[in-house]
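Structure record follows, encoded as structure tokens.
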Amino acid sequence: ERDPTRFVEVSEGLPALEESESGASGADEAIGLAVPALKGESFDGSEVAIDGADGRPKMVVFLAHWCPNCQQEVPVVQEWIDDGAVPEGLDLYSVSTAVDSSRPNYPPSKWLSGEGWTPPVLLDNDAADAASAWGLPGYPYFVFVDADGNVWHRGSGQLPRAELERLSTELVSGATPNDAGQVDTGGQTPAELLEEPSSSEE
């Protein structure tokens, strides 16, 4: 297997997402700003580009292989995809970031393949430049992008399927970013999301 990080081209970044204790991001200063273009490779060396200028709304999820919350969220998202419930016109992408061969559930390619993960995967570099450019505060990290290539909604933590469906449907229907409202992330704060529970390092 090739090294699971790659060189990635990143344009000018967004401000970091600063969430409240409730996990809500209603005052996100990045709303309406153009998302950074990302260009890199997937696990098999094929090119992956995430470009807001393509005129299509999209959901981008940043994942860390060792993160228990990511491990729980990936099957939820994939089931949503497999059930054909993703709104027509919405593009899905993922970014594998914070790769660490000394941490659990490595390598990320084996993990995602085992989950039947179908969205394109862009591999972040060792410095996590892609994640930083998109303002990641914790894992998993979701960014919803409108058809104009601007941030529509951002949030970290696990998203229940109902929230995935609500947000994506509203995004594709052209709702304004303020309509996104608060997202239920299970009450986890950004600090908690960044911590790796020792009990999960089996």
Side-chain angles (χ1 to χ4, degrees), residues 4 6 8 23 25 35 37-52 54-99 105-124 130-131 134 136 138-175 177 179-181 183-186 188 193:
R6 297 282 193 280
V8 60
S25 53
V35 296
L38 301 177
K39 184 177 181 180
E41 294 182 358
S42 191
F43 297 114
D44 62 2
S46 60
E47 182 178 300
V48 179
I50 304 174
D51 186 359
D54 63 8
R56 295 178 59 84
K58 53 186 61 66
M59 182 189 86
V60 183
V61 57
F62 291 75
L63 302 166
H65 63 88
W66 46 261
C67 162
N69 296 304
C70 298
Q71 293 165 25
Q72 294 172 25
E73 184 71 12
V74 160
V76 173
V77 176
Q78 189 59 52
E79 181 182 57
W80 175 53
I81 296 169
D82 291 342
D83 287 348
V86 178
E88 184 176 353
L90 180 70
D91 292 341
L92 304 182
Y93 292 93
S94 56
V95 178
S96 172
T97 189
V99 174
N105 208 36
Y106 178 89
S109 57
K110 183 177 179 180
W111 163 48
L112 292 173
S113 175
E115 294 289 354
W117 188 246
T118 55
V121 183
L122 184 143
L123 307 184
D124 208 348
W134 282 55
L136 178 146
Y139 314 95
Y141 175 50
F142 290 87
V143 182
F144 293 83
V145 183
D146 66 23
D148 294 323
N150 301 322
V151 175
W152 185 82
H153 184 80
R154 301 192 297 177
S156 64
Q158 291 176 239
L159 279 184
R161 177 164 166 170
E163 286 295 314
L164 282 171
E165 294 181 349
R166 180 180 69 84
L167 287 167
S168 57
T169 299
E170 291 178 2
L171 169 61
V172 171
S173 70
D179 292 338
V183 177
D184 178 11
T185 58
Q188 297 162 306
L193 292 166

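All residue numbers in this chain count up from 1 along the given sequence.
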ask   = Are V60 and V35 side-chain neighbours, meaning at least one heavy-atom pair lies under 4.5 Å?
value = no

Requested in this report: Please answer whether the main-chain N or O of W111 pairs with a side-chain N or O of W117 as donor and acceptor at a distance below 3.5 Å.
Outcome: no

Scanning both residues in full, the closest heavy-atom pair of P140 with C70 reads N-SG, 3.6 Å

Quiz item: Given side chains that start at C-beta, do those of Q78 and T118 come closer than 4.5 Å, heavy atoms only?
Solution: yes

With sequence neighbours left out, the residues meeting side-chain hydrogen bond (donor to acceptor under 3.5 Å, both in side chains) with W80 are none

Hey, are the side chains of V95 and I50 touching, using non-hydrogen atoms and a 4.5 Å cut-off? yes

Contacts of S113 meeting side chain to side chain contact (heavy atoms under 4.5 Å, CB included) (sequence neighbours excluded), chain-then-number -> none

Please check if the side chain of D124 supplies one atom and the backbone of A130 the other of a donor-acceptor pair under 3.5 Å. yes

What one should report as the nearest heavy-atom pair of N105 and H65 is ND2-O, 3.0 Å

Rounded to the nearest 0.5 Å, the CD atom of Q158 sits from the CD atom of Q71 at a distance of 10.0 Å

Any side-chain heavy atom of I81 sitting closer than 4.5 Å to one from P119?
yes

Quick one: does S94's side chain have a donor or acceptor within less than 3.5 Å of a partner on P120's backbone? yes

When every non-hydrogen atom of F144 is compared with those of S168, the smallest separation belongs to CE2-N, 4.1 Å

Check your understanding: Counting N and O atoms only, with roles assigned by atom type, does the side chain of W66 sit under 3.5 Å from a partner on the main chain of A98, one being a donor and the other an acceptor?
Key -> yes

**Message:** If we count only N and O atoms by modelled type, under 3.5 Å, do the side chains of E73 and N69 hold a donor and an acceptor together?
**Reply:** no

Residue set satisfying side-chain hydrogen bond (donor to acceptor under 3.5 Å, both in side chains) with D91, at least two apart, ordered chain then number -> R56

Note: A175 and W152 closest approach over all heavy atoms is O-NE1, 2.8 Å

Exercise for the section: Would you mind reporting whether V121 and L112 have side-chain heavy atoms less than 4.5 Å apart? Expected result: yes

Are any of the side-chain heavy atoms of Y93 and L122 separated by less than 4.5 Å? no

Scanning both residues in full, the closest heavy-atom pair of L159 with E163 reads CD2-CB, 4.1 Å

Checking the side chain of E41 only, and the main-chain atoms of V48 only, is there a donor and an acceptor separated by less than 3.5 Å? no

- Message: ring pair (Phe, Tyr, Trp, His ring centres under 6.0 Å) for Y141 and W134? Distances and angles first, verdict last.
- Response: CA-CA 10 Å; Y141 175 50; W134 282 55; 8.0 Å; no

Could you tell me if the side chain of L164 sits less than 4.5 Å from the side chain of M59, heavy atoms only? yes

So CZ of F142 and CG of L63: to nearest 0.5 Å the spacing works out to 7.5 Å

Please answer whether the main-chain N or O of N150 pairs with a side-chain N or O of D148 as donor and acceptor at a distance below 3.5 Å.
no

Nearest heavy-atom contact between K58 and L171 is O-CD2, 3.8 Å

d(D44 CG, L123 CG) to nearest 0.5 Å is 9.0 Å

(message) Are the side chains of Y106 and P108 in contact, using a 4.5 Å heavy-atom criterion?
(response) yes

- Query: Ignoring hydrogens and geometry, is there a side-chain-to-backbone donor-acceptor pair from T169 to E165 under 3.5 Å?
  - Reply: yes

